[in-house]
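Note sheet for the following structure.
Residue numbers count from 1 along this sequence. No experiment lies behind these values; they were computed from the predicted model shown.
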Amino acid sequence: MPWSVVNDADGLPRVILTEPGGSSAEVLLYGGQIVSWKNNRREELLYLSSKAVLKPPKAIRGGIPICFPQFANFGSLEQHGFARNRMWQLDSSPFPLPPATNQSTVDLILKSTEEDLKTWPRRFELRLRISLSPGKLSIIPRVRNTDRKPFSFTFALRNYFSVSDISEVRVEGLETLDYLDNLMQRERFTEQADAITFDGEVDRVYLNTPSKINIIDHEKKRTLVLRKEGMPDAVVWNPWAKKAKAIPDFGDDDYTRMLCVDSAVVEMPIVLKPYEEWKGRQELSTVSSSYCSGQLDPRRVLYG
């Protein structure tokens, strides 16, 4: 069966996506959050904290949280907004997208509640289409304004990637771009390096980024390729040792095995008039890579 719904030990529903090549993904209805993506060799490609709490009301540390209607503390709401702390529903009529022909596709929906309206008085529908295919995981987020007045929001798909060793990872595609450094009161800088490497804490919002970003893991000889549309910014985050120890739901040494590279809308919020809809897209895939000149190895595409 290409996807199924099971209940965790605590009764929370989880959607299991599978495809004939052997890869899989798991999505919790709590938060609409992908918490696992495994390739056809059953290797986990996403990081999930060993101390993650997978039930309300705690946000889940790892996987791919949905940051809406606010990214981080760029606004007056709680950190990363409230969508990641809500129970979502299966969406049986994901208009205006065509019916899913890919059997390993699930559609989810989150609608504003009376409780949400107390803190963010805007009526909305937030939809996700999550599709699994050999070597790829795709997400289409959509936000519709169902209110009678315009509203604005920021948004991110916060991708927690599993890496072998953060000191052996480089991110390519963001060189020469401007970024806001959250460790320097969001002061604006221009990236000078030919690739981003890691030897300490990093928390940056890169602006006007390309549609493709590569996360090269030298030890695993694997490159995660992030392609995105409708989300012009990219956030790069690793807490490093000191901050990792201060985060309650984060293992002390977990920072060595994870990296966040997010598809985001941060600098210029999306503005929707009544009944308008915004749509984004993210596709994650992996290819074999060898580090000679930082280039991908085109000879072999790995499904995972």
Partner of Glu43 by salt bridge (charged side-chain N to carboxylate O under 4.0 Å, His left out), out of Lys220, Arg222, Lys38
Arg222

Sequence neighbours left out, what passes side chain to side chain donor-acceptor pair (under 3.5 Å) with Asp254? Give chain and number order.
Tyr47, Arg257

Set of residues satisfying side-chain contact (heavy atoms from CB on, under 4.5 Å) with respect to Ala193, sequence neighbours excluded
Glu191

Output a table of donor-acceptor pairs, distance under 3.5 Å, between side-chain atoms of residues 259-273 and any protein atom two or more places apart or on a different chain; print 'none' if there are none.
residue: Asp262; atom: OD1; partner: Asn159; partner atom: N; Å: 3.1
residue: Asp262; atom: OD2; partner: Arg158; partner atom: NH1; Å: 2.3
residue: Ser263; atom: OG; partner: Gln282; partner atom: OE1; Å: 2.6
residue: Glu267; atom: OE2; partner: Arg188; partner atom: NH1; Å: 3.0

Measure the CG-OG distance between Asp253 and Ser50 for me, rounded to the nearest 0.5 Å.
9.5 Å

Phe151 and Trp120: aromatic ring centres closer than 6.0 Å?
yes

Would you name the heavy atoms of Val53 and Ile60 that are closest together and state the gap between them?
O-CG1, 3.5 Å

Quick check on the hydrophobic clustering: are Leu90 and Leu17 connected, directly or via other members, by side-chain heavy-atom contacts under 4.5 Å?
yes

Which value, rounded to the nearest 0.5 Å, describes the distance between Ser285 atom OG and Lys212 atom NZ?
8.0 Å

For Phe155 and Trp278, I'd like to know if the aromatic rings sit close, meaning centre-to-centre distance below 6.0 Å.
yes

If the condition is side chain to side chain donor-acceptor pair (under 3.5 Å), which residues does Arg86 pass it with, not counting sequence neighbours?
Asp116

Carboxylate-amine/guanidinium contact Arg14 Asp8, below 4.0 Å:
yes

Under 4.0 Å between a Lys/Arg side-chain N and an Asp/Glu carboxylate O for Glu114 and Arg123?
yes

Linking directly or through intermediates, with side-chain heavy atoms under 4.5 Å: list the remaining ILVMFWY members grouped with Leu97, chain and number order.
Ile140

Side chain to side chain donor-acceptor pair (under 3.5 Å) involving Asn73 - partner list, sequence neighbours excluded:
Arg186

ring-ring contact (aromatic ring centres under 6.0 Å, His included) evaluation trace for Phe68 with Phe153
CA-CA 7 Å; Phe68 173 86; Phe153 63 93; 5.3 Å; yes

Please walk me through it: do Thr286 and Val225 pass side chain to side chain contact (heavy atoms under 4.5 Å, CB included)?
CA-CA 6 Å; Thr286 59; Val225 181; over 6 Å; no

Could you pull out the closest heavy-atom pair between Arg127 and Ser93, with the gap in Å?
NH2-O, 4.0 Å

Please confirm whether the backbone N or O of Glu125 pairs with a side-chain atom of Arg142, one donor and one acceptor, at under 3.5 Å?
no

What's the shortest heavy-atom distance between Asp217 and Ser164, and which atoms?
OD1-OG, 2.5 Å

Between Asp249 and Lys51, does a salt bridge (charged side-chain N to carboxylate O under 4.0 Å, His left out) hold up when you go through it step by step?
CA-CA 5 Å; Asp249 59 350; Lys51 295 184 177 180; over 6 Å; no

Salt bridge (charged side-chain N to carboxylate O under 4.0 Å, His left out) between Arg129 and Asp107, intermediate numbers included:
CA-CA 4 Å; Arg129 170 168 286 186; Asp107 290 289; 2.8 Å; yes

